[in-house]
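Below is one structure, written out as structure tokens, with a few remarks after it.
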Number of protein chains: 2
Amino acid sequence: MSMLEKIIQNLEIFSKSEKKVADVILESPQSAIHSSIATLAKVADVSEPTVNRFCRRLDTKGYPDFKLHLAQSLANGTPYVNRNVEANDGPEVYTQKIFETTIAHLDSAKNSLDPEVINKAVDLLIQSKQISFFGLGASASVARDAENKFFRFNVPVICFDDIMMQRMSVINSTEDSVVVLFSHTGRTKSMVDVAKLARENDAIVIGITAQDSPLAEYSNLVISLDVLEDTDVYMPMASRVAQLVLVDVLATGFTLRRGEKFRENLKKVKSAIKDSRFNKID
Amino acid sequence: MSMLEKIIQNLEIFSKSEKKVADVILESPQSAIHSSIATLAKVADVSEPTVNRFCRRLDTKGYPDFKLHLAQSLANGTPYVNRNVEANDGPEVYTQKIFETTIAHLDSAKNSLDPEVINKAVDLLIQSKQISFFGLGASASVARDAENKFFRFNVPVICFDDIMMQRMSVINSTEDSVVVLFSHTGRTKSMVDVAKLARENDAIVIGITAQDSPLAEYSNLVISLDVLEDTDVYMPMASRVAQLVLVDVLATGFTLRRGEKFRENLKKVKSAIKDSRFNKID
DNA sequence: AGACTGTATGTAGGTTTATAACTAATTATA
DNA sequence: TATAATTAGTTATAAACCTACATACAGTCT
């Protein structure tokens, strides 16, 4: 936990004078780390030992040590926290906010992922003879992206963003089929139906969705991205980005598992694309 | 630049004694920030003022100030730098690496964006009577995503990931049309052709692409995401994520510009979707 | 109610720490 | 070789920090 959060969390435990110190620090942490204990004490209108005690209460060795910790809290130039966009934000502000929110979410997604699950997913994908990526709405573009990636691996891959096609497709599943379903909530009826149908036809279902959701019920393997989202006003942006990065991870795992020789192959596909481009030097 | 990097970079400029100090600090930065100037001097076998001069040489006010800077360098628990995946990385490692790389890229993209350009783009989008999103390959999913988003705004929006359809579509452009082209390199021939064609038919072209690329030439407005990418082995992952977030930014700007009343409308679209979901409590 | 106990805060003084000023030594330069 | 410039160390001082002690206040027990 960052020092600033820690201060906020302990606000009620502090005594009157200590709270004064906390207020001053929270007011302007940047200037706090550049102040001496004397100046800080003066600004907070308390005595120097009070400041010192305040520091110790936060499990630091003393004031200099506290400053060090505080400095580290402030180090992340931008405080990647979830800051919601407000009605009167200018372009500068909302751009920053959206990027920062996305980054914060990616970070939390990163920490919530279980490498073991990733590994299993890669296992399943490697062994399958047919990979299907399905998504609806916002998740459709994630599925498309996955298709695009795995298509380059020269793997039989299909992708549908249409419920009927998805249903028809899974009916032809075999036990060598892997169906990857993208759904943030895991509560989209038709998606759950597709999962059910796929299972009934022996396919292996990987659900990239919320833990404990109906879709998760029907999945052989669930990869959950715990991305807390304020889904009320704005659309699920961050969750989709996290899903995309997850696809990158799976694709990378896939590539690595296939070994060196296969990576050469990747370069070939890549260079095939190059011919349709303007050459940079000409 | 981080303090540690700065020290490494200046290693040759330092004098003999200063280098001793640098070595000790680089050896164990963590312990350095917890040492007093005296102990550090002793460990480095130099005098205290030498340490002080060392600090000043690195543009800090003195030793305490230096420690603060150093502490901040070490703060970033995870060093969001571009760490490439290696052949023998395990799931844990490559997952972390990919997420961190993506985050690092988003951060650099965030910093490279010009809010003024964003604002202009939103202006253009707001005023247009017809928005087209075009992308090929990996960028196609970004275009789809943009379509999905703007479709919810009840705006006439089209999206094609097929060259012929794109060409046919832009031929019918008017001066009220805005064509948004996604291309990481800006060097895909057919994309550039579409841009050219669009301009010839009075459409306004927004290129989400590299500065100084052929595509940028034909764009009325270029939004460039300076995402340095090692495009050699793995596919352009990060750039695509940055593009997606950019779409979020544009969509948000769009929404904000339309004002409160319109945001209510968004909720309606949203609730229409809700009916196709399982209810959480049942 | 009055003494007692414990917590909260401040004062004073001493210790540590950092820096300024100065000096000696070394290196470079004319 | 003499002189200037750079480098590093010594001494001195001031600033910062912390300990120990003292006071004030609140709650508790007799």
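Chain identifiers are assigned alphabetically (A, B, ...) following the order of the sequence lines, protein sequences preceding nucleic acid strands; residue numbering begins at 1 within each chain. Scope of the values below: all heavy atoms of this structure, side chains included, with no hydrogens, waters or symmetry mates.
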[X] [atom1] to [N] [atom2], straight-line distance once rounded to whole Å:
X: A/Lys20; N: C/dT9; atom1: NZ; atom2: C1'; result: 10 Å
X: A/Glu18; N: C/dT7; atom1: CD; atom2: P; result: 13 Å
X: B/Asp45; N: D/dA8; atom1: CG; atom2: C1'; result: 12 Å
X: B/Lys16; N: D/dT6; atom1: NZ; atom2: C1'; result: 12 Å
X: A/Lys19; N: C/dA8; atom1: NZ; atom2: P; result: 12 Å

Could you grab the distance from atom [atom1] of [X] to atom [atom2] of [Y], nearest 0.5 Å is fine?
X: A/His69; Y: B/Ile33; atom1: NE2; atom2: CD1; answer: 8.0 Å
X: A/Ile25; Y: A/Leu40; atom1: CD1; atom2: CG; answer: 5.0 Å
X: B/Ser73; Y: B/Ile7; atom1: OG; atom2: CD1; answer: 7.5 Å
X: B/Ile223; Y: B/Phe182; atom1: CD1; atom2: CZ; answer: 8.5 Å
X: B/Gln243; Y: B/Leu250; atom1: CD; atom2: CG; answer: 11.5 Å

Q | Distance test, side-chain N/O of A/Ser17 to OP1/OP2 of C/dT9, below 4.0 Å | A |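 Checking C/dT9 against A/Ser17, a side-chain N or O does come within under 4.0 Å of OP1 or OP2.
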**Q.** Below 4.0 Å: OP1/OP2 of D/dA8 and any side-chain N or O of B/Ser15
**A.**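 Checking B/Ser15 against D/dA8: at least one side-chain N or O falls below 4.0 Å of OP1 or OP2.
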Q. Reading nucleotides 11-22 of chain D 5' to 3', which nucleotides get B (base under 4.0 Å from a protein heavy atom), which S (sugar-phosphate only), which -?
A. -----SBBB---
Q: Report the C-alpha separation of B/Phe54 and B/Phe66 in whole Å, then their side-chain angles, then the decisive distance to 0.1 Å, and conclude whether the ring pair (Phe, Tyr, Trp, His ring centres under 6.0 Å) test is met.
A: CA-CA 9 Å; B/Phe54 167 87; B/Phe66 167 79; 5.7 Å; yes
Q: Taking all heavy atoms of B/Lys19 and all of B/Leu11, pick out the closest pair and write down the distance.
A: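 In this case the closest contact between B/Lys19 and B/Leu11 is CE-O, 3.2 Å.
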Q) For B/Val51, which contact category applies under a 4.0 Å heavy-atom criterion: base, sugar-phosphate, or nothing? A)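 The residue B/Val51 makes no contact with any strand.
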Q: Please confirm whether the backbone N or O of A/Val222 pairs with a side-chain atom of A/Ser219, one donor and one acceptor, at under 3.5 Å?
A: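 No; zero donor-acceptor contacts below 3.5 Å.
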Q: Go through residues 24-33 of chain A and report each residue with a non-hydrogen atom lying under 4.0 Å from DNA chain C, sorted by number.
A: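 Hits under 4.0 Å, by residue number: none.
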Q.
Quick check: do A/Lys20 and A/Asp45 have side-chain heavy atoms less than 4.5 Å from each other?
A.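 A/Lys20 vs A/Asp45: side chains touch.
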